[in-house]
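Here's the structure we're looking at; comments come further down.
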Amino acid sequence: MQINWNFLKFTGLLLTVIALYGFADYRSRSKNIETISIKFLGDNDLYLTEDAVNKLLIQNYGGVKNTAKEQVVLNTIETIIASNEMVKSAQVYLSIEGELISKIVQRKPIGRVEGISKFYLDDTGRRMPLSRYHSARVPIITGKVTGKSLEDAYVILDYVNKDDFLRKNVIGIHIEDEGKYQLKFRIENFVVNLGGVENLDEKFKNFMAFYIKAAKDRTLENYAVVSLEFDNQVVCTKI
């Protein structure tokens, strides 16, 4: 019988590779976690700190450092981190070197409600608690805050944040009533009565046409109130 040496060599090589892979995998899984790395993605303003995340893990999972890699349940750790009200999403994985890496995306506030209850409104329209670590510089929302008026405030702020001029200059929304919203501006001494959230494109186009002309004529300081409540009109009240 003729021996197929090439087949034997290939089989031996394959078994060696499998054995080495299995040994390496065993050593990797049995290796302890030596370091924990927490990385915040996106915005540099931290509403949550590394220490706060570590405390959250210790309270809800126990110590992770010096634990064998095979004993760590990554999905559970992700769920614990994501349960924090400042976190939008979390991704947790292990490196070959034994480092537990957590990448965290924070929620992003776009407005701050000032009233009996104080909280942020985030970029998805949900309530977000204030942070003791950082205070966001966002427009202040005052007045009659209800479920409907807060939804409308989100629609307004979402529109404002997509326009460079408005984002830089609108510093507040005052809710006189549902469907009656007033914008406060950073520089000028007038306020803008927006009315409701319908036809925002048309309203702000009319406002910008007025603003550009008044700025050119140097008459902006003459106005106390600019109303956009009426169809295709800008009605101004002088000081």
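Only this structure's heavy atoms are used, side chains among them; waters, hydrogens and symmetry mates stay out. Just so it is clear, the model here is predicted, and its values are computed rather than measured.
Screening residues 71-95 for salt bridge (Lys or Arg N to Asp or Glu O under 4.0 Å), with sequence neighbours left out, gives no hits. Pairs passing the ring pair (Phe, Tyr, Trp, His ring centres under 6.0 Å) check and including a residue from residues 140-167, sequence neighbours excluded, read Y159-F204, F165-Y211. Applying the ring pair (Phe, Tyr, Trp, His ring centres under 6.0 Å) rule to pairs touching residues 75-128 yields nothing, sequence neighbours excluded. For residues 212-239, every residue pair satisfying the ring pair (Phe, Tyr, Trp, His ring centres under 6.0 Å) rule, not counting sequence neighbours, is listed here: F210-Y223. The ring pair (Phe, Tyr, Trp, His ring centres under 6.0 Å) contacts involving residues 126-147 comprise Y47-H134, where partners must be two or more places apart or lie in separate chains.
Atoms CG and NZ, on D231 and K203 in that order, are 8.5 Å from each other to the nearest 0.5 Å. Taking CD1 of I101 as the start and CD1 of I36 as the end, the distance is 11.5 Å to the nearest 0.5 Å. Rounding to the nearest 0.5 Å places CG of N60 at 6.0 Å from OG of S83. Going from atom NZ of K108 over to atom CG of D45 covers 10.0 Å, rounded to the nearest 0.5 Å. The CG atom of L48 lies 7.5 Å from the OG atom of S131; values are rounded to the nearest 0.5 Å. Atom CG of residue L183 and atom CD1 of residue I156 lie 6.0 Å apart, to the nearest 0.5 angstrom.
Counting heavy atoms from C-beta on, the side chains of I171 and F185 never come closer than 4.5 Å. At a threshold of 4.5 Å between non-hydrogen side-chain atoms, the residues V87 and V105 do not count as touching. With a 4.5 Å cut-off on side-chain heavy atoms, L56 and I80 count as touching. No side-chain heavy atom of I104 sits under 4.5 Å from any side-chain heavy atom of L41. A 4.5 Å side-chain heavy-atom check between L194 and I173 finds every atom pair outside the cut-off. Under the 4.5 Å side-chain criterion, counting only non-hydrogen atoms from C-beta, L121 is not in contact with P109. Between T49 and I38 the shortest side-chain heavy-atom distance does not fall below 4.5 Å.
In this structure, Y61 contributes its side chain and Q59 its backbone to no donor-acceptor pair below 3.5 Å. Judged by distance alone, with hydrogens and angles left aside, the side-chain atoms of N199 form no donor-acceptor pair with the main-chain N or O of E202 at under 3.5 Å.
More than 12 heavy atoms of other residues, nucleotides or ligands lie within 6.0 Å of NZ in K118, so this atom counts as buried by the packing criterion.
Partners of N75 under the side chain to side chain donor-acceptor pair (under 3.5 Å) rule, at least two apart in sequence or in another chain, do not exist in this structure. When the side chain to side chain donor-acceptor pair (under 3.5 Å) test is applied to K162, the partners found at least two apart in sequence or on another chain are D158. Every residue two or more places apart in sequence or in another chain that forms a side-chain contact (heavy atoms from CB on, under 4.5 Å) with L74 is listed here: V72, V92, L94, L100. With sequence neighbours excluded, no residue forms a side chain to side chain donor-acceptor pair (under 3.5 Å) with K39. Applying the side chain to side chain donor-acceptor pair (under 3.5 Å) criterion to D122, with sequence neighbours excluded, gives R107, T124. Looking at residues two or more places apart in sequence or on another chain, you find a side-chain contact (heavy atoms from CB on, under 4.5 Å) between N193 and Q182, V225, S227, E229.
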Checklist entry - side-chain contact (heavy atoms from CB on, under 4.5 Å) between Q106 and L46: does it pass, once the steps are laid out? => result CA-CA 8 Å; Q106 299 179 106; L46 297 183; 3.8 Å; yes
Checklist entry - Going through the checks in order, is the side chain to side chain donor-acceptor pair (under 3.5 Å) test met by R112 and S135? => result CA-CA 10 Å; R112 175 172 174 154; S135 180; 3.2 Å; yes
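R167 and D164 are joined by a salt bridge, as a carboxylate oxygen and a charged side-chain nitrogen come within less than 4.0 angstrom of each other.
Summarising the geometry of V191 relative to K184, their closest heavy-atom pair is CG1-CG, 4.3 Å, with the distance given to 0.1 Å. Taking every heavy atom of both residues into account, G111 and L157 meet most closely at CA-CD1, 3.9 Å.
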Side-chain donor-acceptor distances from residues 138-151 under 3.5 Å, at least two apart:
from, atom 1, to, atom 2, distance (Å)
T142, OG1, H174, ND1, 2.9
T146, OG1, S149, N, 3.1
T146, OG1, S149, OG, 3.1
T146, OG1, E178, OE2, 2.8
K148, NZ, D152, OD1, 2.9
K148, NZ, D152, OD2, 2.8
S149, OG, K144, O, 3.0
S149, OG, T146, N, 2.7
S149, OG, T146, O, 3.3

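When hydrophobic clusters are built by joining Ile, Leu, Val, Met, Phe, Trp and Tyr residues whose side-chain heavy atoms come closer than 4.5 Å, directly or via intermediates, L57 is grouped together with V73. Note on V170: it clusters hydrophobically with F207, by side-chain heavy-atom contacts below 4.5 Å among ILVMFWY residues.
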